[in-house]
Protein chains: 2
Amino acid sequence: MLTADHATELGEMFRLLGDPNRLRIVASCLSQPMSVGDIADTLDLSPSLTSHHLRLLRSARLLKGTRHGKQVFYDLPDCHVRQMLTNMIEHVTEPHDVDEAITEGEDP
Amino acid sequence: MLTADHATELGEMFRLLGDPNRLRIVASCLSQPMSVGDIADTLDLSPSLTSHHLRLLRSARLLKGTRHGKQVFYDLPDCHVRQMLTNMIEHVTEPHDVDEAITEGEDP
DNA sequence: CAAACACATGAGCATGTATTCATATATCGG
DNA sequence: CCGATATATGAATACATGCTCATGTGTTTG
């Protein structure tokens, strides 16, 4: 069972990954640490917006920032999360059929 | 790489799991199909709110609804998602240390 | 058919949040 | 120290979203 507290905690992480730009930011740091400027350039986001998102991701420990001189590089400290994301990104590239209707179950 | 479209699609799914009540609803359907009333009772949510959330989860194909007489039972049609969630729920019960600061990397 | 039950849906509100613009902080080169 | 570069932060705003209340739809039973 999932307690309300754990649902809030886990939900907070999913909520952060629920924004497309934030998800792209995290994804861009999956294979190697990325500087803020490189992330912003790669994803075509303003440095300010990128930094705002990075702050949220850092607060939730989804990303970890390491300063090297003027630049700060971000990467995923949690290998469990990294694996989950790698997995889901791979999964989302597969085709799937569409059916959102309520189906009828056969009689018992 | 993760395209913007795929980020939107995957992000949409994470966004839905990002609400604690919705996450609890999905989690409650992990082991066996659950009727709307049972979900609402178990999680102490109003039937209306439960149904609103179920509609969103159904639209995103995170849950599938099957009618049996007056009741509608919901469960997870995607075993990939089920496994991911089972995994993350298990993970969130483990302890973890707290460090959201920017750390200093050693000189090159 | 009518009443009861289970669920779905629409409107409305209060709150949260993604983005932008302006500004501040930190680090390095000269 | 000064300017330039890189990142962070604060305020303001337009928009999204969770929730409730009221009502509608579908299904079984009398």
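Note on naming: letters A, B, ... go to the chains in the order of the sequence lines (proteins, then strands), and numbering restarts at 1 for each one. What you see below is based on every heavy atom in this structure, not just the backbone, and it leaves out hydrogens, waters and symmetry mates.
Distance alone, capped at 3.5 Å, is enough to place a donor-acceptor pair between the B:R82 side chain and the B:L30 backbone. Here the side chain of A:R58 pairs no donor or acceptor atom with the backbone of A:G65 at under 3.5 angstrom. Here the side chain of B:S51 pairs no donor or acceptor atom with the backbone of B:S48 at under 3.5 angstrom. Remark: side-chain polar atoms of A:T8 are paired, donor with acceptor, to backbone N or O of A:A4 under 3.5 angstrom.
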Could you give the side-chain donor-acceptor pairs of residues 12-20 of chain A under 3.5 Å, partners two or more places apart or in another chain?
unit_1 : atom_1 : unit_2 : atom_2 : d
A:E12  : OE1    : A:R15  : NE     : 3.4
A:E12  : OE1    : A:R15  : NH2    : 3.4
A:E12  : OE2    : A:R15  : NH2    : 3.0
A:D19  : OD2    : A:N21  : N      : 3.2
A:D19  : OD2    : A:R22  : N      : 3.1

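When distances are taken from the side chain of B:V72 to each of D:dT7, D:dC19, C:dA8, the shortest belongs to C:dA8. Residue B:N21 has its side chain nearest to D:dC19 when only D:dT9, D:dC19, C:dA18 are considered. Closest to the side chain of B:R58, from the set C:dA18, C:dT9, D:dT7, is C:dT9. Here the nucleotide nearest the side chain of A:K70, chosen from C:dC7, C:dA11, D:dT5, is D:dT5. Distances from the side chain of B:S48 to the nucleotides D:dT7, C:dG10, C:dA6 place C:dG10 closest.
In terms of the side-chain contact (heavy atoms from CB on, under 4.5 Å) criterion, B:D41 has no residue partners (sequence neighbours excluded).
Judged by centroid separation below 5.5 Å and plane tilt below 30°, B:H52 does not stack onto the base of D:dC19.
Contact annotation for B:T50: no contact, since no heavy-atom pair falls under 4.0 Å across all strands.
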| query | So what is the 5' to 3' dot-bracket string for DNA chain C, if pairs are Watson-Crick or G-U wobble with both distances under 3.5 Å, crossing pairs use [ ] and | means the partner sits on another strand? | reply | ||||||||||||||||||||||||||||||
